[in-house]
Amino acid sequence: MTRIRRGYIARRRRTKTRLFTLTFGGSHSRLTRTTIQQKIRALVSAHRDRGRQKRNFRRLWITRINAAIREVGVSYSYSRSIYDLYKGRLLLNRKILAQIAISNRNCLSMISNKIRS
């Protein structure tokens, strides 16, 4: 009876995993079982940290807006200004407001004066 050669599908799957973990150190990029575990771990971390990154950027934008608004107006807070923005129907999100706060303080003071009155 002749020897039956196995297919290429499992080898192709392992090669894809190896290519994914190519830059990992030590056995994390060489041994098949370890590379599979590290790939799962990397994907879990990436998924978790995408949400964390969005949270962190939102916190950063809020901090920048709050600092700029307090510098411009006396006894005027971030929460009050966001409330006035929604009340005045100005469609500026926090990212844009933070960029304005960094690049052009005069523009931010004009916006805050407009929504305050």
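Only heavy atoms go into these numbers, but all of them, side chains included; no hydrogens, no water, no symmetry mates.
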Novice: Not counting sequence neighbours, which residues clear salt bridge (charged side-chain N to carboxylate O under 4.0 Å, His left out) with Arg50? List them please.
Specialist: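 None.
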
Novice: Output, in order, the C-alpha distance, side-chain angles, deciding distance and verdict of side-chain contact (heavy atoms from CB on, under 4.5 Å) for Thr21 and Thr34.
Specialist: CA-CA 10 Å; Thr21 59; Thr34 317; over 6 Å; no

Novice: For the side chain of Ser29 and the backbone of Gly25, is there at least one donor-acceptor N/O pair under 3.5 Å apart?
Specialist: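 Here the side-chain-to-backbone pair does not exist.
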
Novice: Can you hop from Leu22 to Ile36 via hydrophobic side chains spaced under 4.5 Å?
Specialist: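 As far as the 4.5 Å side-chain criterion goes, Ile36 and Leu22 are not connected within one cluster.
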
Novice: To the nearest 0.5 Å, what is the distance between CG on Asn106 and CD1 on Ile100?
Specialist: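 Reported to 0.5 Å precision, the distance equals 12.0 Å.
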
Novice: Cluster question for you: counting only ILVMFWY and a side-chain heavy-atom cut-off of under 4.5 Å, with indirect links fine, are Met110 and Leu90 together?
Specialist: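 No; Leu90 is not reachable from Met110 via cluster members.
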
Novice: Could you check whether the rings of Phe24 and Phe20 sit parallel, tilted or perpendicular, using 30° and 60° as the cut-offs?
Specialist: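 Perpendicular, since the angle between the ring planes exceeds 60°.
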
Novice: Could you give me the CA-CA distance, side-chain angles and deciding distance for Arg94 and Ile82, then say whether side-chain contact (heavy atoms from CB on, under 4.5 Å) is met?
Specialist: CA-CA 9 Å; Arg94 287 163 181 82; Ile82 292 294; 3.7 Å; yes

Novice: Between Asn56 and Arg52, is any side-chain donor less than 3.5 angstrom from a side-chain acceptor?
Specialist: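 Not at all, the side chains of Asn56 and Arg52 share no donor-acceptor pair under 3.5 Å.
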
Novice: Could you grab the distance from atom CD1 of Ile62 to atom CD1 of Ile65, nearest 0.5 Å is fine?
Specialist: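 Going from the CD1 atom of Ile62 to the CD1 atom of Ile65 covers 7.0 Å.
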
Novice: Quick one: OH on Tyr83 to OG on Ser77, what's the gap to the nearest 0.5 Å?
Specialist: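 Reported to 0.5 Å precision, the distance equals 12.5 Å.
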
Novice: Which residues satisfy the salt bridge (charged side-chain N to carboxylate O under 4.0 Å, His left out) test with Arg105, sequence neighbours excluded?
Specialist: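 Testing Arg105 for salt bridge (charged side-chain N to carboxylate O under 4.0 Å, His left out), a comparison that skips the adjacent residues, returns Glu71.
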
Novice: When rounded to the nearest 0.5 angstrom, what is the spacing between CD in Gln37 and CZ in Arg33?
Specialist: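 Those atoms lie 8.0 Å apart.
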
Novice: Please tabulate, for the side chains in residues 10-19, all donor-acceptor contacts under 3.5 angstrom to protein atoms that are two or more places apart in sequence or on a different chain.
Specialist:
residue	atom	partner	partner atom	Å
Thr15	OG1	Arg11	O	2.7
Thr17	OG1	Arg13	O	3.1
Arg18	NE	Arg30	O	3.1
Arg18	NH2	Arg30	O	2.8
Arg18	NH2	Thr32	OG1	3.0

Novice: Nearest 0.5 Å, please: how far is CG in Leu91 from CG in Leu85?
Specialist: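 Result: 9.5 Å between the selected atoms.
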
Novice: Can you tell me if Arg64 and Tyr78 form a side-chain donor-acceptor pair at under 3.5 Å?
Specialist: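 No, no side-chain donor-acceptor contact under 3.5 Å.
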
Novice: How many angstroms lie between atom CD1 of Ile69 and atom CD1 of Ile111, to the nearest 0.5 angstrom?
Specialist: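 Reported value, rounded in 0.5 Å steps: 9.5 Å.
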
Novice: Should Leu97 and Leu60 be regarded as members of a common hydrophobic cluster, given that ILVMFWY residues are connected when their side-chain heavy atoms come within less than 4.5 Å of each other, either directly or indirectly?
Specialist: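 They do not share one cluster, since no chain of ILVMFWY contacts under 4.5 Å joins Leu97 to Leu60.
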
Novice: Got a donor-acceptor contact below 3.5 angstrom from the Asn113 side chain to the Ser109 backbone?
Specialist: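 Answer holds: yes.
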
